[in-house]
Asker: 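Mind having a look at this structure? Questions to follow.
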Amino acid sequence: MGNDCGQIDNKAVGKRIRKIRERNGLTQEEMAEILSVNPNAVRAYERGEYGVSKEVMTRIRNHFRVTVDYLLFGAGEDLDCLLLQVRNAREEDKMKLMMHLLFYFVREKEQCFLLDAQEGDIARLMKEMFDNV
């Protein structure tokens with residue numbers, strides 16, 4: 001009976017590396033250049049054929065601003081991926097995201113907050129702004 005406790009799943013790590021690469025719109029060749037490895041190494045990492053060295057892991061962490069916990073174990077995957085997408089998005093896409101979030105909180109969540117007169121005016125102005133977008 002084998003004990004997998006403490007073992008790193010290279011296939012799962014490879015899937016996360018691929019997800020990072022694809023979310024950043026990179027080819028395997030471009031990823032290889034960033035990581036200072038051969039494109040065949042990137043393909044092998046993504047297929048889980050062998051593990052990532054500490055040096056490559058550090059390059060991934062520093063360049064893409066992900067945690068080693070995420071890379072190795074998927075810890076905090078949803079929030080980390082969302083933040084990664086925002087950090088690496090074009091400026092106009094960041095503005096669209098901010099507008100959608102504001103719209104969500106003004107239109108969808110206003111019933112969650114007790115609005116005094118001034119906040120009500122702000123909410124009304126925000127709604128008018130979104131109606132014109």
Asker: Answer yes when Lys94 and Glu91 have at least one side-chain N-carboxylate O distance shorter than 4.0 Å, and no when they do not.
Answerer: yes
Asker: Partners of Lys96 by salt bridge (charged side-chain N to carboxylate O under 4.0 Å, His left out), sequence neighbours excluded?
Answerer: none
Asker: Under the side-chain contact (heavy atoms from CB on, under 4.5 Å) rule, collect the residues that match up with Leu26, sequence neighbours excluded.
Answerer: Arg21, Asn24, Glu30, Met31, Ile34, Phe64
Asker: Got a sec, which residues hit side-chain contact (heavy atoms from CB on, under 4.5 Å) with Arg61, two or more places apart in sequence or on another chain?
Answerer: Thr58, Val68
Asker: So do the side chains of Glu22 and Lys19 get within less than 4.5 Å of each other, counting heavy atoms only?
Answerer: no
Asker: Looking only at heavy atoms, which two atoms of Val66 and Tyr70 are closest? And how far apart?
Answerer: CB-CD2, 3.9 Å
Asker: Does the side chain of Asn10 come within less than 4.5 Å of Tyr45's, by heavy atoms?
Answerer: no
Asker: As a quick check of understanding, evaluate side chain to side chain contact (heavy atoms under 4.5 Å, CB included) for Asp9 and Val13, giving each step before the final call.
Answerer: CA-CA 6 Å; Asp9 182 349; Val13 172; 5.8 Å; no
Asker: If you look at every heavy atom in Glu46 and Gln28, which pair is closest and at what distance?
Answerer: OE1-NE2, 2.8 Å
Asker: Quick one: list whatever passes side chain to side chain donor-acceptor pair (under 3.5 Å) with Lys15, sequence neighbours left out.
Answerer: none
Asker: Is it the case that the side chain of Arg16 and the backbone of Leu71 share a donor-acceptor pair, with hydrogens and angles ignored and the cut-off at 3.5 Å?
Answerer: yes
Asker: Report the residues that fulfil salt bridge (charged side-chain N to carboxylate O under 4.0 Å, His left out) with Arg59, sequence neighbours left out, ordered by chain and then residue number.
Answerer: none
Asker: Once salt bridge (charged side-chain N to carboxylate O under 4.0 Å, His left out) is applied, what residue pairs with a partner in residues 31-44 remain, sequence neighbours excluded?
Answerer: Glu29-Arg43
Asker: Any chance you could measure Ile60, atom CD1, to Ile20, atom CD1, to the nearest 0.5 Å?
Answerer: 6.0 Å
